[in-house]
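Since the structure comes first, as structure tokens, the remarks are kept for the end.
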Amino acid sequence: MPTSWADSVANSAAENAAVGSSANNGVGSTSIPARSSYVPPHLRNRPPSSDPPAPAYSGPSSSIDRPSYGAPQGGIQWGGPRSDSGRPGFSSGRIGGGGWNSRSGGWDRGKEREVNPFGDDCDAEPAFSEQENSGINFDAYEDIPVETSGDNVPPPVNTFAEIDLVEALNQNIRRCKYVKPTPVQRHAIPISLTGRDLMACAQTGSGKTAAFCFPIISGIMKGQFSQRPRGARTVYPLALILSPTRELSCQIHEEARKFSYQTGVRVVVAYGGAPINQQLRDLERGVDILVATPGRLVDLLERARVSLQMIRYLALDEADRMLDMGFEPQIRRIVEQMDMPPRGVRQTLLFSATFPKEIQRLASDFLSNYIFLAVGRVGSSTDLIVQRVEFVQESDKRSHLMDLIHAQKENGTHGKQALTLVFVETKKGADSLENWLCINGFPATTIHGDRTQQEREHALRSFKSGATPILVATDVAARGLDIPHVAHVVNFDLPNDIDDYVHRIGRTGRAGKSGLATAFFNENNSSMAKALADLMQESNQEVPAWLSRYAARSSYGGGGRNRRSGGGRFGGRDFRREAPFNRGGSGADYYGGGNNSGGGYGAPGGYGGGHGPGVTSAWD
DNA sequence: TCCCAAG
């Protein structure tokens, strides 16, 4: 696989050398598209004109374990922004065609037709600046312990000003009213800017999206990328951001558009359930950052409407979910079996609030000499969330829910500014409960995978606006969704996995605000008792005595049929630290893994992060 | 079971 990549690098170098002549006329769906070589992150910031015409890639740097790719003969890629004018034949049917490196195209496009995503000129949607972003309660994030491991971890920053981001991005950060970076941003952004791969754990609602978007946008703006191929109908994004649900992809897209406003960096979203034609048109107008759900992306790749050849940045949001059973084959296919540059060549960023060790092990297939980062103290942001567990028989759940909501109404915690999010186990159960609530006079709506995308989006809007202040949801809404004013999360049915519980309750208590989470527990959930009791204890929550008894009783039975974390619950620690101990155990097959795409796992080597062995993090 | 393409 590296060979073919190197080959195509060489090919494209040759093709690029011919730019301006008509030699490129062969570019089409079947030929190898022209593109020049990869420029490694540590060389990217150089002004093109002052750089010697050196090979784009001169082998692995001392500190970064990157496979070496045959350095294509150089000069070509440093030639500075190239004029497109010599290739009149290829702009037909495409506007701008390229994205960032058609520099002029990028800037002009940004200035001329970009819709202002901040809604400055539209009061109808005050959402962005007022709700989510200002008013982050930084006091809630004081004294948060941070754990890093890996080689040469760059130091954190304290302000956005000391980060070398491009000015246009800084301006957008101000527009967002971000005054200072959140803890995960303080650490993750400098790491990402040095070009290192990263596995980052940070509590729900702590600003992870910006933490991976800023370095990507900045890197794209500063990078000297070759002219991307044009013609055909294939587009070549520079960055790919994958997430497990359509709504989350939409949300990331909206955020990323704000961050990239007037930067010329173009962000496009592609997800299923929506007509593909509009998405194809969006793509054809040019794309630098593609935000997508896996299924639709595979579709686009199969249609050859998207190529991953030029990907420099790969970000997986909710990365542990993306590598969980259901998604892992698709992700592997996208990342390892399409035309994406291998790990070490691209930069890979994985983010989640939870990272079980087994998933970390899988994830290391996609990473090269990465830094592990965990931000949060024991209990972390979840101790902003008051957690309650109530023993409720299955048959009593509905009336009990009704009691809760009545109580909320009485003390003013229900309504437009105090939304209630109710999680259930199944899609049918969601419909049924929604219906029952409506019949009983509680305006509710529901979101789950059996609803059409239109219905899903309408439900979310209706909930956010307060028109239906109760949303009944399956786990489709468990992760990542940033819904302001969720005052109460009810686990009507507990999940079977404690990590899912963490994500669900994380829909409240965001951006340093407090929240309430209530869980209905009965015999059917006894396998969750221990994990739940432990989590609550770590989060400084009061654990009911009856739950502790359940926990003691059920713990011998295996502590939950947690599909992922055989041992430690959260896996917030870098699994590499414990790898030697795991070797004889269930992870024995790990080192021999047959799936290594690039010649074995870069030995975990020096964990010299400077942490004592006793350090515990929020994920323990 | 949940989520990830359509048809």
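The chains referred to below are lettered A, B, ... by the order of the sequence lines, with proteins before strands, and numbering in each begins at 1. None of the values given here were measured: they were computed from a predicted structure.
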TODO: State whether A:Tyr550 and A:Arg553 meet the cation-pi test: NZ (Lys) or CZ (Arg) under 6.0 Å from the six-membered ring centroid, and within 45° of the perpendicular axis.
DONE: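 So A:Arg553 does make the cation-pi contact.
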Separation of [X] atom [atom1] from [N] atom [atom2], in whole Å?
X	N	atom1	atom2	result
A:Asp324	B:dC3	CG	C1'	10 Å
A:Phe423	B:dC2	CZ	C1'	12 Å
A:Leu460	B:dC3	CG	C1'	16 Å
A:Leu316	B:dC4	CG	P	16 Å
A:Arg321	B:dC2	CZ	C1'	6 Å
A:His503	B:dC3	NE2	P	16 Å
A:Phe327	B:dC2	CZ	C1'	9 Å
A:Asn525	B:dT1	CG	C1'	14 Å

Within the structure, does a side-chain N or O atom of [X] lie under 4.0 Å from either OP1 or OP2 of [N]?
X	N	result
A:Lys428	B:dT1	no
A:Arg456	B:dC4	yes
A:Thr293	B:dA5	yes
A:Thr474	B:dT1	no

TODO: For the residue pair A:Glu390 and A:Thr518, confirm or rule out a side-chain donor-acceptor distance under 3.5 Å.
DONE: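 No, no side-chain donor-acceptor contact under 3.5 Å.
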- [ ] Using the six-membered ring wherever Trp is involved, compare the ring planes of A:Phe492 and A:Phe520 and label them parallel, tilted or perpendicular (cut-offs 30° and 60°).
- [x]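 Because their plane-to-plane angle lies in the 30° to 60° range, the rings of A:Phe492 and A:Phe520 count as tilted.
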- [ ] Quick one: sort the A:Phe391 and A:Trp546 rings into parallel, tilted or perpendicular, breaks at 30° and 60°.
- [x]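 Because their plane-to-plane angle is over 60°, the rings of A:Phe391 and A:Trp546 count as perpendicular.
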Open item on the list: Please classify the nucleic acid contact of A:Val298 as base, sugar-phosphate, or nothing, using heavy-atom distances under 4.0 Å.
Closed with: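 It contacts nothing in the nucleic acid.
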Open item on the list: What's A:Arg303 touching, base or sugar-phosphate or nothing? Going by heavy atoms closer than 4.0 Å.
Closed with: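 No contact at all - A:Arg303 keeps every heavy atom at 4.0 Å or more from the nucleic acid.
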TODO: Quickly, which of A:Phe351, A:Phe259, A:Tyr313 forms a ring pair (Phe, Tyr, Trp, His ring centres under 6.0 Å) with A:Phe212? Name it, please.
DONE: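 Single ring pair (Phe, Tyr, Trp, His ring centres under 6.0 Å) partner of A:Phe212 among A:Phe351, A:Phe259, A:Tyr313: A:Phe351.
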Task: Shortest side-chain distance from A:Thr426, nucleotide among B:dC4, B:dA5, B:dT1 - done: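 Selected nucleotide (nearest to the side chain): B:dT1.
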